[in-house]
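In the text below, chain A, chain B and the rest are named by the order of the sequence lines, each starting its count at 1.
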Number of protein chains: 2
Amino acid sequence: MAVMEAVTHLDLPGLRRSCARCSLQQLCLAGGMSHEDLDQLDDIIRQRRPLGAGARLFRMGQGLDSVFVTRDGAVKTVTFGENGDEQIIGFHLPGELIGLDALADGKHRCEAVALTQTSLCEIPFAQLGEVAAQIPGLQQQLMRVIGMSVGRDQDHKEILVRRQANERIALFLHGLSARYKAIGRDPVRLQLPMSRIDIANYLGLALETVSRGFTRLQDDGLIEVRGRQVELVDTLGLARLAHGLVEAPKLRHG
Amino acid sequence: MAVMEAVTHLDLPGLRRSCARCSLQQLCLAGGMSHEDLDQLDDIIRQRRPLGAGARLFRMGQGLDSVFVTRDGAVKTVTFGENGDEQIIGFHLPGELIGLDALADGKHRCEAVALTQTSLCEIPFAQLGEVAAQIPGLQQQLMRVIGMSVGRDQDHKEILVRRQANERIALFLHGLSARYKAIGRDPVRLQLPMSRIDIANYLGLALETVSRGFTRLQDDGLIEVRGRQVELVDTLGLARLAHGLVEAPKLRHG
DNA sequence: CGCAAAATTGAAGATTATCAACATCGGTGG
DNA sequence: CCACCGATGTTGATAATCTTCAATTTTGCG
């Protein structure tokens with residue numbers, strides 16, 4: 001029961017803070033639980049030393065040992081087709097659960113890779129099951145968290161079915177903004193943790209198309225792009241574009 | 001606790017058959033449970049009178065009362081954008097769980113519509129939670145079933161990111177075949193329960209593109225199309241196309 | 001400061017959406 | 001039993017969008 005790690009005495013920022021004092025509490029597994037129950041949850045959660053960009057949480061085919069919740073930073077989950085090409089299945093921001101892909105048969109069908117320096121909570125799955133059986137609130141909250149993950153999957157699909165590249169990009173930014181807002185970050189000035197290639201891959205587009213889309217949205221006055229920092233200028237217009245309410249996105253005359 | 005309905009004495013085919021004798025047992029919530037536990041599960045499951053094509057299981061915004069498992073037939077889940085257009089989120093074949101979209105906040109964000117005459121099992125969600133807390137096996141199996149649903153979502157995404165229409169179609173048929181096989185149906189001669197429009201919507205394509213894709217795949221000797229009956233002739237070739245291993249799907253010279 | 005990776009921009013070619021006409025299927029009623 | 005009708009599905013032509021290949025610029029970091 002290796003609950004405590006060498007990490008305990010390091011006192012790095014964000015480490016060994018209890019769930020009770022975690023700002024992500026409401027979004028995470030800890031949501032809506034009594035202080036007593038939180039202690040029990042705390043006991044099984046391992047808080048890992050921050051991972052560097054590119055570090056892997058788990059690999060495809062590996063058994064489901066733990067589920068993870070990002071605490072700070074960002075993670076992408078990817079699969080690899082027969083031809084070996086990477087496909088990004090999801091981006092995971094703070095408070096979002098990672099590892100559900102192994103729920104079906106106990107083996108991961110994704111690989112999880114840190115996009116930036118990332119610290120996260122690790123929850124041994126077997127122990128989670130045990131504790132959840134004892135604490136009714138945790139059981140319920142686990143379902144809610146799973147539901148949120150399913151909801152993000154659905155959002156991703158709703159992006160991918162769009163035929164217009166700019167609509168996908170607008171939806172992507174719009175959704176990201178909402179997620180940032182939910183974790184108390186600035187929903188207008190977005191600091192993107194992922195590259196254009198990763199965005200393109202996630203959106204099912206060529207990277208050049210994404211690049212062009214960004215400049216196009218900027219030219220139309222919807223966003224302001226400075227590398228990986230994107231500012232949402234005309235949130236309403238962006239939302240209209242995102243929801244396909246712009247009939248003819250014509251070029252300016254001339 | 002309205003467990004029994006007027007339906008009890010009807011003895012329609014597929015009605016009031018216990019989980020223990022259900023052919024879908026292994027895929028469904030009943031998988032891997034003892035005979036005793038199955039009885040307990042049986043007690044909370046309502047088996048509904050078959051629904052006609054077009055009937056709705058639940059609507060968007062409605063509270064999560066029950067989850068459903070298709071027993072026979074097929075169901076689609078759809079959302080409606082701001083502009084009112086329908087978007088198909090998933091197709092649900094026998095043994096597949098429906099209703100997880102409401103797990104996050106207790107309200108459905110999809111609508112579920114029967115594609116053909118469909119009979120299914122209804123499981124009141126509150127009671128499921130109670131029983132699951134008592135039966136450790138059910139808890140575990142519930143996770144597995146949720147995991148399978150998440151896996152299908154991932155498959156759907158992997159279809160949608162494909163840029164080539166024929167690849168999407170090939171992947172769609174390939175995946176459908178696998179699901180048919182899992183429930184003991186012929187994985188080669190597929191009887192599609194959904195229209196071309198629905199397929200196009202699900203694949204993020206125009207319906208004409210789907211129609212052309214079908215005939216193209218037929219011309220290439222991969223499938224044989226007779227309306228909604230599609231026979232997979234060259235399964236290997238179809239898989240190769242599905243996985244993007246065909247470099248240049250050129251037209252025949254001339 | 002310089003280099004490699006990341007991002008932008010340009011031009012050409014290919015694929016798909018769209019509009020439109022036509023064929024086919026299934027069910028209903030004569 | 002056949003004919004009709006609407007719904008469903010197929011096919012054709014055109015225009016628009018996206019991908020691809022290529023060159024260039026910018027960024028980030030040692």
Does [N] have its OP1 or OP2 closer than 4.0 Å to a side-chain nitrogen or oxygen of [X]?
{"X": "A:Arg196", "N": "C:dT8", "value": "yes"}
{"X": "A:Arg228", "N": "C:dA7", "value": "yes"}
{"X": "A:Ser211", "N": "C:dA7", "value": "no"}
{"X": "A:Thr215", "N": "C:dT9", "value": "yes"}

**Prompt:** Between B:Arg109 and A:Asp155, is there a side-chain N and carboxylate O pair less than 4.0 Å apart?
**Reply:** yes
**Message:** Between A:Arg216 and A:Asp220, does any NZ, NE, NH1 or NH2 come within less than 4.0 Å of an OD or OE carboxylate oxygen?
**Reply:** yes
Let me know the distance between [atom1] of [X] and [atom2] of [N], rounded to the nearest Å.
{"X": "B:Glu208", "N": "D:dT14", "atom1": "CD", "atom2": "C1'", "answer": "13 Å"}
{"X": "B:Phe214", "N": "D:dT10", "atom1": "CZ", "atom2": "P", "answer": "8 Å"}
{"X": "B:Leu192", "N": "D:dG9", "atom1": "CG", "atom2": "C1'", "answer": "13 Å"}
{"X": "A:Gln191", "N": "D:dT27", "atom1": "CD", "atom2": "P", "answer": "14 Å"}
{"X": "B:Met194", "N": "D:dT8", "atom1": "CE", "atom2": "C1'", "answer": "15 Å"}
{"X": "B:Gln164", "N": "C:dA17", "atom1": "CD", "atom2": "C1'", "answer": "15 Å"}
{"X": "A:Arg162", "N": "D:dC18", "atom1": "CZ", "atom2": "P", "answer": "13 Å"}
{"X": "A:Glu167", "N": "C:dT16", "atom1": "CD", "atom2": "C1'", "answer": "15 Å"}

**Request:** Let me see the working for B:Leu57 and B:Leu120 under side-chain contact (heavy atoms from CB on, under 4.5 Å), right down to the final yes or no.
**Result:** CA-CA 10 Å; B:Leu57 295 179; B:Leu120 26 81; 3.6 Å; yes
**Message:** Between A:Tyr180 and A:Gln191 (side chain of the first, backbone of the second, donor and acceptor by atom type, cut-off under 3.5 Å), is there such a pair?
**Reply:** yes
**Item:** Flag, side chain of B:Arg228 to backbone of B:Leu190, donor-acceptor distance under 3.5 Å
**Value:** no
**Request:** Look at the side chain of A:Ala206 and decide which nucleotide, out of C:dA17, D:dT19, C:dT16, has an atom nearest to it.
**Result:** D:dT19
**Working for side-chain contact (heavy atoms from CB on, under 4.5 Å), residues B:Met148 and B:Glu96** = CA-CA 8 Å; B:Met148 290 192 279; B:Glu96 299 178 356; over 6 Å; no
**Prompt:** Bend angle of the helix from C:dC1-D:dG30 to C:dG30-D:dC1 from five-pair axes at both ends, rounded to 10°?
**Reply:** 40°
Would you mind classifying the nucleic acid contact of [X] as base, sugar-phosphate or nothing, using non-hydrogen atoms under 4.0 angstrom?
{"X": "B:Leu205", "answer": "sugar-phosphate"}
{"X": "A:Gly213", "answer": "nothing"}
{"X": "A:Arg212", "answer": "base"}
{"X": "B:Ser195", "answer": "sugar-phosphate"}

**Item:** side-chain contact (heavy atoms from CB on, under 4.5 Å) between A:Leu115 and A:Phe91, intermediate numbers included
**Value:** CA-CA 9 Å; A:Leu115 286 168; A:Phe91 293 123; 3.8 Å; yes
**Request:** Give a yes/no verdict on a cation-pi contact between A:Arg48 and A:Phe68, requiring under 6.0 Å between NZ or CZ and the six-membered ring centre and an angle within 45° of the axis.
**Result:** no
**Closest-nucleotide ordering on DNA chain C, the 5'-leading residue of A:Val225 and A:Arg163** = A:Val225
